[in-house]
Q: 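Take this structure first; my questions come after.
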Amino acid sequence: MFHKNIIYIAQLSSVGLVGYGLGQYTSKFKENRDENSLIINGKTVRNMPGLPIFGTVSAAAPFTDSGTTKDRISQIMKYGFPSLDNVRSYDDFVLSYDRRNRVPHWVFEHITKAHIAKNDQVDRSKCDFMPDDSIHPFFKSQNSDYKGSGFDRGHMAAAGNHRIAQKHVEQTFFLTNIAPQVGEGFNRHAWNRLEKHVRKLTKVYDNVYCCTGPLYLPRKESDGKSYVKYQVIGANTVAVPTHFYKVVVGEAPDGSLDMEAYVMPNQKIPEETPVSSFMVPPETIERAAGLLFFDKLHRSKLNRINGKKL
DNA sequence: TTTCCTGT
């Protein structure tokens with residue numbers, strides 16, 4: 001499988017090279033323990049906080065497989081990283097992994113017409129959900145955590161957004177890109193409609209930038225106090241988010257930029273509910289998630305937020 | 001169509 005080609009350069013690089021397929025004991029050596037590290041295709045390219053990420057890449061770890069990987073990541077992350085906690089990059093999306101909750105903090109995609117065009121070479125049914133062995137066993141989710149839980153393994157970067165290559169769609173099935181979602185009425189319906197809406201934006205915008213992730217929102221209980229309460233599933237106690245968000249920016253052919261932001265509760269949603277009814281101010285999501293979206297995008301360049309002229 | 005599940 002392609003993920004076995006990944007070479008880990010960590011503190012114990014020789015172990016990382018030899019340790020493949022030897023199970024959980026050796027895999028713990030592959031985890032990079034530096035919170036501020038950035039791993040690009042399995043290579044640690046940055047482990048000093050505060051250094052410019054892409055300025056450091058070429059000096060620290062020259063890419064042997066041409067410069068295209070770096071270019072693609074720069075393109076996906078053009079408008080900034082929402083945070084820098086356990087960043088992982090794949091061929092067509094980038095994510096930050098939440099080791100405490102065993103789901104992503106955020107997943108970033110850059111989507112164009114070409115990425116979602118019909119492609120007979122790409123077959124979703126050939127894909128399998130799989131654990132990402134670049135995550136330390138303490139923090140890694142497994143298929144067994146989801147089995148029998150009653151929750152779907154819901155994609156954050158949607159499989160349907162990565163149809164340029166079979167390898168790309170396969171990588172969306174890494175469990176680092178997955179969170180527990182209510183299946184009936186949510187993942188398979190309302191959330192799927194939101195994903196389709198985002199794909200449709202490529203008809204209007206040349207470039208669509210999409211950030212997706214979970215939320216754990218407080219709820220007032222009968223004692224009048226607010227609590228954050230969420231279920232955990234499986235032996236690895238994977239968190240079941242209370243809500244999910246999407247923050248999307250579209251770049252029009254004339255260069256103008258529009259933003260849309262959505263929050264949906266992780267529950268059965270009535271069929272007739274329009275996608276637009278889940279729009280929220282992006283700042284609400286930033287405050288709730290502890291993230292800053294499109295930080296490098298000057299707000300003065302934004303034409304509209306949630307369809308409203310600024 | 002795309003999102004998944006379980007049972008065989």
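Protein chains get the first letters and strands the later ones, always in sequence-line order, with residue 1 at the start of each.
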Q: Could I get the full list of side chain to side chain contact (heavy atoms under 4.5 Å, CB included) partners for A:A158, not counting sequence neighbours?
A: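 Residues passing side chain to side chain contact (heavy atoms under 4.5 Å, CB included) with A:A158: A:N161, A:E195, A:R199.
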
Q: Could you tell me which residues satisfy side chain to side chain contact (heavy atoms under 4.5 Å, CB included) with A:S300, sequence neighbours excluded, listed by chain and number?
A: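 Partners of A:S300 by the side chain to side chain contact (heavy atoms under 4.5 Å, CB included) criterion, ordered by chain and then number, come out as A:H298.
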
Q: Who passes side chain to side chain contact (heavy atoms under 4.5 Å, CB included) against A:K309, sequence neighbours left out?
A: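 Residues passing side chain to side chain contact (heavy atoms under 4.5 Å, CB included) with A:K309: A:N303, A:R304.
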
Q: Could you run down the sub-3.5 Å N/O contacts of the protein with nucleotides 1-3 of chain B?
A:
residue, atom, partner, partner atom, Å
B:dT1, O2, A:K196, NZ, 3.1
B:dT2, OP1, A:R163, NH1, 3.3
B:dT2, OP1, A:R163, NH2, 3.4
B:dT2, O2, A:N192, ND2, 2.8
B:dT3, OP1, A:G160, N, 2.9
B:dT3, OP2, A:R124, NH1, 2.6
B:dT3, O5', A:R124, NH1, 3.1

Q: Output all residues satisfying ring-ring contact (aromatic ring centres under 6.0 Å, His included) with A:F173, sequence neighbours left out; order by chain, then residue number.
A: A:F129, A:H155

Q: Can you pull out every ring pair (Phe, Tyr, Trp, His ring centres under 6.0 Å) where at least one residue sits in residues 207-226 of chain A? Sequence neighbours excluded, please.
A: A:Y79-A:Y209, A:H110-A:Y209, A:Y216-A:Y230

